[in-house]
Amino acid sequence: MLQINVSQQLKSSIGSTRDYDVNGIIEMDGYDSTVRGEVQLMHTDRSILVKGEINAASEINCGRCLSPFKEEVTLHIEEEYFPSSDIINGTLLPEPDEPGVFTIDENGIMDLTEAIRQYTVLVSPMKPLCSEDCAGLCPVCGTNLNQASCGCTRQPADGPWAKLSELAMIPTETSVPRQKGTK
């Protein structure tokens, strides 16, 4: 349950709290991430404050060997959700001046999906690795070097970086003819 009806809590006294179990699936960059945890909701003078710890697990591909593996992260969430309408009389409330705030819809439903997605993106590595010592793929034949070895030389002689190997043999400045107009 990533959507919580907070209409009754918005009617309760300021400072009232409620605990909820959170579980569901969030789609993230083409992968499904399973989320589980607990959150505590507190009614403040202007919003519902969400605090909690959520575990997210998803199957992703390694940045070196491209093999799928399971990545698990723990999220410590603390966000404020602002009501978009007055729960008592139904009048629309002005949106908060702060950009990117989370809102509670006019039916009193608070959706945690986007907050959890953003927190997951923040803690996920840019280049996920199945293990720290992942050997990756052979740049010549594409063999997964974690599973098998190949007989390839690691640097192809005619590859796009072949010219860089010639830099070790650059002639000194005295042997290079100067162009007209240079010192």
Student: So, the side chain of Asp105 versus the backbone of Asn107: is there a donor-acceptor pair under 3.5 Å, distance only?
Tutor: yes

Student: Check whether the side chains of Ser13 and Ser16 place a donor and an acceptor atom closer than 3.5 Å, and report yes or no.
Tutor: no

Student: Do Val39 and Phe102 belong to the same hydrophobic cluster, where Ile, Leu, Val, Met, Phe, Trp and Tyr are linked whenever their side-chain heavy atoms lie under 4.5 Å apart, directly or via other members?
Tutor: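 Val39 clusters together with Phe102.
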
Student: Would you say the side-chain atoms of Tyr81 pair up with the backbone N or O of Asp111, donor to acceptor, closer than 3.5 Å?
Tutor: yes

Student: Ignoring hydrogens and geometry, is there a side-chain-to-backbone donor-acceptor pair from Ser84 to Ile104 under 3.5 Å?
Tutor: yes

Student: Do the side chains of Val50 and Glu78 get nearer than 4.5 Å, heavy atoms only?
Tutor: no

Student: Do Leu41 and Phe82 belong to the same hydrophobic cluster, where Ile, Leu, Val, Met, Phe, Trp and Tyr are linked whenever their side-chain heavy atoms lie under 4.5 Å apart, directly or via other members?
Tutor: no

Student: Rounded to the nearest 0.5 Å, what separates atom OG1 in Thr103 from atom CD in Glu114?
Tutor: 11.0 Å

Student: Working to the nearest 0.5 angstrom, can you tell me the gap between Arg117 CZ and Leu112 CG?
Tutor: 14.0 Å

Student: Using every non-hydrogen atom in the two residues, find where Thr44 and Leu49 come nearest and quote the distance to one decimal.
Tutor: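 Closest pair (atom of Thr44, atom of Leu49, distance): CG2-CB, 4.0 Å.
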
Student: Would Leu145 and Cys150 satisfy side-chain contact (heavy atoms from CB on, under 4.5 Å), going step by step from the backbone distance to the final call?
Tutor: CA-CA 8 Å; Leu145 299 174; Cys150 62; 4.2 Å; yes

Student: Mind checking whether Glu38 and Asp19 have side chains closer than 4.5 Å, heavy atoms only?
Tutor: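 No - every pair of side-chain heavy atoms lies 4.5 Å or more apart.
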
Student: Could you list all the salt bridge (Lys or Arg N to Asp or Glu O under 4.0 Å) pairs where at least one residue sits in residues 39-48, not counting sequence neighbours?
Tutor: Arg46-Glu80, Arg46-Glu98

Student: So, for Tyr20 and Asn5, which heavy atoms are closest and what is the spacing to 0.1 Å?
Tutor: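 Closest approach of Tyr20 to Asn5, heavy atoms only: OH-O, 4.2 Å.
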
Student: Over all heavy atoms of both residues, which pair between Ser47 and Pro83 is shortest? Give the atoms and the distance, please.
Tutor: CA-CD, 4.2 Å

Student: Would you give me the side-chain donor-acceptor pairs under 3.5 Å for residues 65-76, sequence neighbours excluded?
Tutor:
residue	atom	partner	partner atom	Å
Ser67	OG	Asn144	ND2	3.1
Thr74	OG1	Asn55	OD1	3.0
His76	ND1	Glu53	OE1	3.4

Student: Could you give the distance from CG (Asn23) to CD1 (Ile54), rounded to the nearest 0.5 Å?
Tutor: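 Answer for the CG-CD1 pair, Asn23 versus Ile54, is 10.0 Å.
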
Student: Consider only side-chain heavy atoms of I, L, V, M, F, W and Y, link residues closer than 4.5 Å, and tell whether Val121 and Ile116 are in one cluster.
Tutor: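 Result: yes, single cluster for both.
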
Student: Out of curiosity, Met110 CE to Gln3 CD, how far, rounded to the nearest 0.5 Å?
Tutor: 10.5 Å

Student: Let me confirm one number: the OG1-CG distance from Thr113 to Leu2, rounded to the nearest 0.5 Å.
Tutor: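 It is 4.5 Å, given to the nearest 0.5 Å.
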
Student: Table please: side-chain donor-acceptor pairs of residues 126-140 below 3.5 Å, with sequence neighbours left out.
Tutor:
residue	atom	partner	partner atom	Å
Ser131	OG	Asp133	OD1	2.9
Ser131	OG	Cys134	N	3.4

Student: Return the CD1 to OG1 distance between Ile48 and Thr17, rounded to the nearest 0.5 Å.
Tutor: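 Going from the CD1 atom of Ile48 to the OG1 atom of Thr17 covers 10.5 Å.
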
